[in-house]
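One structure is given here, and the rest of the page talks about it.
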Amino acid sequence: MSHGTRRADRTFAVDGLARVEGEGSFRAVVRDGVVADVELTIFEPPRFFEALLRGRDRLEPPDITARICGICPVAYQMSACRAIEDAYGLRVGAEIAALRRLLYCGEWIQSHALHVALLHAPDFLGCADAVELAQLDRPAVERGLRLKRIGNMVMETVGGRSVHPVNVRVGGFYKAPSPEQIAALAEPLREARDLALATVEWTAGFDFPDVEADYLFVALHDPERYAIDSGRICSTAGLDTDAAGFLAAIVEEHVERSTALQSRLFGRDDYLTGPLARYALNREQLGAPARGAADAAGLGASCRNPFRSIVVRSVELVEACDQALRIVESYGAPHPPAVDVPVAAGTGTGATEAPRGLLLHRYEIGADGLITSAQIVPPTAQNQLSIEADLRRVVELGLDLPDDDLTWRCEQAVRNHDPCISCAAHFLDVEVVRR
Amino acid sequence: MTGPEPVPGDARPSLAVWKFASCDGCQLTLLDCEEELLALAGAVRIAHFTEMSRASIAGPYDVSLVEGSITTEEDARRIREVRESSRTLVTIGACATAGGIQGLRNFAASGEYARAVYAHPEYLASLDTSTPVEQHVHVDLALHGCPIDRGQLLEVVTALLAGRRPVLPGHSVCEQCKARGTVCLLVAGGTPCLGPVTRAGCGALCPAVDRGCFGCFGPADTANTEALARRLISDGLATDALVRLFRTFNAGAPAFEKEGRAHEPRHPAS
């Protein structure tokens with residue numbers, strides 16, 4: 001790699017993109033001082049989940065699709081459950097719904113803590129990783145690790161384990177945790193909420209590049225609460241639909257030189273899901289502690305600087321701790337822990353908010369209860385066009401930077417969206433070229 | 001990518017983490033050692049771990065942890081490279097040790113899966129198979145599980161640091177149920193359970209939540225799958241459900257693969 005700046009022709013490339021979940025790379029080509037080409041390449045080999053789900057029983061997708069992502073398995077389990085319950089018109093009771101949300105909050109806490117403190121923060125402080133950051137600011141890293149531990153604790157209590165929980169089933173849970181087990185989470189969650197508030201303050205003080213993007217935000221919206229696993233799919237352009245309606249409003253394309261099934265929204269190609277989208281659409285639904293933290297951090301009504309997503313993610317950490325705490329404080333064990341699931345034909349769609357964005361599942365089930373067709377639209381597949389647009393913007397604004405600095409900033413621009421490449425790459429593989 | 005040069009005189013053993021086709025959950029287990037992570041990072045030099053760090057130090061490495069299965073020509077080449085640069089190679093998780101859930105393609109017709117998902121399967125560089133690492137290179141130690149267990153991972157790393165053989169169970173989940181005092185679901189309730197043939201390591205989590213074991217850790221050392229299959233069928237489990245039970249994350253583990261094939265429906269010769 002060369003070291004001059006402002007040369008007319010330059011190429012930046014990072015072959016093994018670090019601190020993201022999965023394997024990806026990017027390449028930006030500058031010709032005559034103008035950004036000619038930006039490519040985000042995902043070289044994660046496809047695992048063909050949509051194919052291997054065919055012929056499996058309608059009760060199996062929560063366990064099988066959890067294996068798409070070790071960092072957000074609950075998101076896969078919950079979207080799968082919702083889709084299959086939708087196929088049969090099943091409704092779970094308030095206690096089961098609350099317990100699911102508690103498990104999901106645990107995943108948000110562990111995933112966001114991992115990303116904020118261990119994967120993303122080192123970028124803002126000039127460190128290669130969290131170990132180097134610990135030499136600079138050990139309490140900050142320890143705070144992140146403690147938050148992550150408490151998120152995992154919630155997942156272990158409700159789900160049995162944190163990576164690929166075992167207690168989730170279509171219709172509810174195998175066994176409801178006892179009131180004593182759940183009550184034991186209250187103290188750690190109070191501690192976690194305080195740690196999350198301190199995390200907002202910490203990240204809000206970072207230096208952010210001055211970048212604003214004209215995103216079209218898409219997120220679940222529930223008037224009752226900051227939506228995690230309920231509500232309708234809404235956008236900042238006025239879209240308001242259910243999961244099936246949303247799937248009808250996007251196209252998944254398989255283009256040449258790319259095995260990517262890129263999601264494009266009719267009428268406008270790129271849209272963004274994830275923390276920035278949720279915050280823009282659901283700020284009013286934040287609980288008092290998270291809203292207060294957002295205000296103190298100066299976030300305003302919406303945030304369009306992708307680098308500041310670390311602050312929004314920290315605000316969501318506060319919200320997840322707070323929602324979890326409220327569930328813990330009013331917990332009643334569901335009896336029975338699950339509703340019955342018939343053996344019958346049906347078609348259903350489900351959507352929930354994975355930590356990194358909207359995740360949709362759709363299943364067609366035959367009369368024998370076996371799946372005949374599966375469709376999974378993961379958040380990173382949907383965010384991919386927006387991430388590439390960000391990369392182009394960052395290169396254009398950073399042409400004065402030395403190569404090494406600009407390359408690092410591009411890496412950061414990808415990490416801003418906490419991409420779950422191994423999720424996306426089960427469906428979109430190898431190479432994406434923006435023309 | 002550039003990274004910090006090895007510090008002269010840094011005598012700490014080096015650790016590298018590699019990913020092939022997988023979900024990242026097993027390498028996440030390393031980051032899930034929240035209380036031990038910073039101490040571990042002091043005891044070993046983490047030389048290559050892209051999920052955690054943008055710095056990477058060139059090999060050779062004292063220990064390589066390998067997650068994921070081999071599903072492309074390029075990965076078949078890369079795993080040989082990893083082997084050559086590693087003193088000790090440890091496979092972590094069901095993808096690396098048995099081919100993972102993506103190994104279900106091994107039971108399908110050639111190209112069937114690619115055609116089901118992609119409009120243009122000819123753009124793909126995927127192999128028709130998903131194979132465990134040991135089918136490509138010599139493996140020094142295998143850590144099973146989908147995902148692996150945090151305690152077992154720490155046992156492996158500390159044992160390797162101390163130069164001793166790690167203590168890992170080869171017995172079945174049943175022993176862990178007995179140790180926990182969990183009532184046997186199979187005997188008491190007729191619930192299909194793979195516990196009698198599945199390697200211990202998870203802590204017998206599923207029976208503790210009234211759920212039959214579904215085999216995340218793969219076959220135990222002396223798994224009598226045939227006897228269990230007979231019992232499950234006599235308890236009323238349909239054979240297609242039995243095949244699915246053996247065919248999940250460890251479908252490619254020899255004992256599970258053999259038992260699944262034994263109960264496949266016989267197609268009339270065409």
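What's counted below: heavy atoms across the whole structure, side chains too, no hydrogens, waters or symmetry copies. Residue numbering restarts at 1 for every chain, and letters A, B, ... go by the order of the sequence lines.
- Of all the listed residues (B:Leu104, B:Asp210, B:Asp32), the one sharing the greatest number of non-hydrogen pairs under 4.5 Å with chain A is B:Asp32.
- Of the listed residues B:Ala241, B:Cys216, B:Ala108, B:Ala94, the one with more heavy-atom pairs under 4.5 angstrom with chain A than any other is B:Cys216.
- Shown here for B:Ser126 and B:Thr72, the closest heavy-atom pair between the two residues is CA-CG2, 4.3 Å.
- Cation-pi check for B:Arg247 over B:Phe256 is not met; the charged atom does not lie both under 6.0 angstrom from the ring centroid and within 45 degrees of its normal.
- Using a 4.5 Å cut-off between heavy atoms, B:Cys146 touches chain A through backbone and side chain atoms alike.
- Remark: B:Arg105 fails to qualify as a cation-pi partner of B:Phe107 under the 6.0 Å distance and 45° angle criteria applied to the six-membered ring.
- Interface remark: B:Ile148 contributes no atoms to any contact with chain A (heavy atom separation under 4.5 Å).
- With contacts defined as side-chain heavy-atom distances shorter than 4.5 Å, the pair B:Leu38/A:Glu142 qualifies.
- Contact annotation for A:Asp57: both backbone and side-chain heavy atoms come within less than 4.5 Å of a heavy atom of chain B.
- Heavy atoms of A:Ser373 lying under 4.5 Å from chain B are absent altogether.
- Ranked by heavy-atom pairs shorter than 4.5 Å toward chain B, the options A:Arg56, A:His164, A:Arg54 are led by A:Arg56.
- If you check the side chains of B:His263 and B:Thr239, you find no donor sitting under 3.5 Å from an acceptor.
- In this structure, B:Glu67 and B:Val17 have side chains that are not in contact, with every pair of non-hydrogen atoms separated by 4.5 Å or more.
- For chain B, no part of A:Gln135 is nearby; none of its heavy atoms comes within less than 4.5 Å.
- Residue A:Arg169: no heavy atom, backbone or side chain, is found under 4.5 Å from chain B.
- The aromatic rings of B:Tyr113 and A:Phe48 sit perpendicular to each other, their planes meeting at more than 60°, with 30° as the lower class boundary.
- Two residues are said to be in side-chain contact when any heavy atoms from C-beta on lie closer than 4.5 Å; B:Cys23 and A:Arg47 meet this criterion.
- Using a 4.5 Å cut-off between heavy atoms, B:Phe249 touches chain A through its side chain atoms alone.
- In this structure, chain B has a heavy atom under 4.5 Å from the side chain of A:Glu60, while its backbone stays farther away.
- Neither the backbone nor the side chain of B:Glu112 comes within contact range of chain A; no heavy atoms are under 4.5 Å apart.
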